[in-house]
K.L.:
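Supplied in structure tokens, the structure appears directly below.
Atoms within each ligand, like the ligands themselves, are counted from 1 in listed order.
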Amino acid sequence: MDASITPEQAAEREEFYGRLTPGHMAPLWEVLKDLVPPEPKSKAAPHCWHYKDIRPLLLESGALVTAEEAERRVLILENPALPGQSRATGTIYAGVQLILPGETAPAHRHTPSALRFLMEGEAGFTAVGGERTTMRKGDFIITPSWAWHDHGNEGDGPVVWLDGLDIPIVAFYEAGFGEGYNDARHSLVRPEGDSMARFGSDLLPMDPVERYGKTSPIFNYPYERTREALTVAAKGEVPDPHLATTLRYANPMDGGWAMPTIASWVTYLSAGQETARMRSTDGVVIAVAEGTGQLTAGGETFSFWQDDVLVAPSWAWRSVKASSECVLFCFSDRSAQEKLGLFREERSAV
Ligand code: 1HN
């Protein structure tokens with residue numbers, strides 16, 4: 001408010017505000033600038049979690065608690081500026097999950113949607129809505145809202161992945177539900193590969209189908225296919241100065257984002273390639289599928305290696321420099337923001 005008021009006027013106002021409080025009212029003019037800032041000022045900080053730091057602690061947790069007991073044995077990636085809030089960005093939860101050989105993360109379901117990005121292990125599997133899929137390094141897997149899901153590991157080494165959930169968004173709406181199943185594993189009703197055959201082969205069922213509502217019916221986008229697409233696409237274009245070679249994960253039913261609340265995409269950079277600065281209203285989580293380089297976000301620069309996880313907050317300028325050939329898996333709340341008419345981005349002049 002106006003700083004030019006006299007001490008008497010200030011005292012008079014304070015006295016008035018004091019009489020508003022018991023009736024649960026407050027003066028808007030004292031908080032208007034915070035409620036409607038000229039541009040977003042994220043409470044989240046840019047950050048990088050190095051996999052070399054995560055991995056030993058995650059494996060240590062494996063000796064402390066079983067997947068069964070924990071229900072989900074996960075180290076939450078907490079944004080350094082948002083401690084205790086289970087958020088990686090302002091609106092996205094992220095964590096790193098471990099399943100040891102023979103373990104089961106028991107079946108449950110919840111209204112928050114989840115994605116997995118596989119970091120380590122070739123013999124992990126998840127069952128979603130009655131279909132199993134084997135999870136391999138770099139695979140992008142979706143657990144739609146309210147779908148039963150359990151995970152397991154049939155190999156002889158650890159299986160590790162990055163979880164991303166829209167928990168803060170669902171919590172904002174106070175719309176969260178969850179429940180456990182009466183058995184560790186939910187029954188399978190379709191053979192492995194069924195969803196990919198029906199929805200992920202440039203073919204679609206003849207009759208209309210409703211499988212997961214607003215979420216893509218493909219629930220495993222295998223890295224092998226993603227990598228091949230990026231390799232060919234990168235050869236066939238002059239890379240975009242801001243996006244390099246970026247392809248987004250799509251819902252084959254409507255061409256939109258694969259998940260209604262979480263947008264996901266992959267970026268390929270050749271060795272030495274550098275992107276121009278851009279910013280957007282979505283805070284972005286970046287998992288390094290391949291390569292080494294540097295992310296600059298909000299004025300800080302982070303060197304990254306394979307399997308590191310980084311965060312670029314909302315409206316913070318960001319750019320990437322690849323030291324070696326890189327593939328970056330990215331996700332954010334962009335798909336929700338677009339539906340609400342809130343998404344904006346700005347790209348620096350090039
Ligand atoms: C969840 O269900 C999983 O299914 C992982 O693997 C992380 C974090 C919060 C709430 C539910 C999973 C989760 C979660």
K.L.:
For atom 9 (C) of ligand 1, which protein heavy atom lies nearest, and how many Å away is it?
P.N.:
I167 CD1, 3.2 Å
K.L.:
In the protein, which heavy atom is nearest to atom 7 (C) of ligand 1, and how far is it?
P.N.:
D163 OD2, 3.6 Å
K.L.:
Give the residue and atom name of whichever protein heavy atom lies nearest to atom 12 (C) of ligand 1, and the separation in Å to one decimal.
P.N.:
R72 NE, 2.8 Å
K.L.:
Give the atoms of ligand 1, by number and element, whose distance to some non-hydrogen atom of Q97 is under 4.0 Å.
P.N.:
5 (C), 6 (O), 12 (C)
K.L.:
Only one of H186, H108, R109 clears side-chain contact (heavy atoms from CB on, under 4.5 Å) with D150; which?
P.N.:
H186
K.L.:
Do L115 and T143 have side chains that get closer than 4.5 Å, going by heavy atoms?
P.N.:
no
K.L.:
Can you tell me the protein heavy atom closest to atom 6 (O) of ligand 1 and the distance?
P.N.:
H151 NE2, 2.6 Å
K.L.:
Looking only at protein heavy atoms, which one is nearest to atom 14 (C) of ligand 1, and what is the separation?
P.N.:
L165 CD2, 4.0 Å
K.L.:
Do P46 and P313 come within less than 4.5 Å of each other through their side chains, counting heavy atoms only?
P.N.:
yes
K.L.:
Counting non-hydrogen protein atoms only, what is the nearest one to atom 1 (C) of ligand 1? Give residue, atom name and distance.
P.N.:
H110 NE2, 3.7 Å
K.L.:
Does E179, at its CD atom, have more than 12 non-hydrogen atoms belonging to other residues, nucleotides or ligands within less than 6.0 Å?
P.N.:
yes
K.L.:
Quick test of your reading of the model: are R211 and D194 salt-bridged, counting only N-O distances below 4.0 Å?
P.N.:
yes
K.L.:
On the ring face of W265, is R248 found with NZ or CZ under 6.0 Å from the centre and within 45° of the axis?
P.N.:
no
K.L.:
Does some non-hydrogen atom of R116 fall short of 4.0 Å from ligand 1?
P.N.:
yes
K.L.:
Parallel, tilted or perpendicular, judged at 30° and 60°: which one describes the rings of H47 and W49?
P.N.:
perpendicular
K.L.:
I'd like to check whether H149 has a polar contact with ligand 1, where a contact means an N/O of the residue lying under 3.5 Å from an N/O of the ligand.
P.N.:
yes
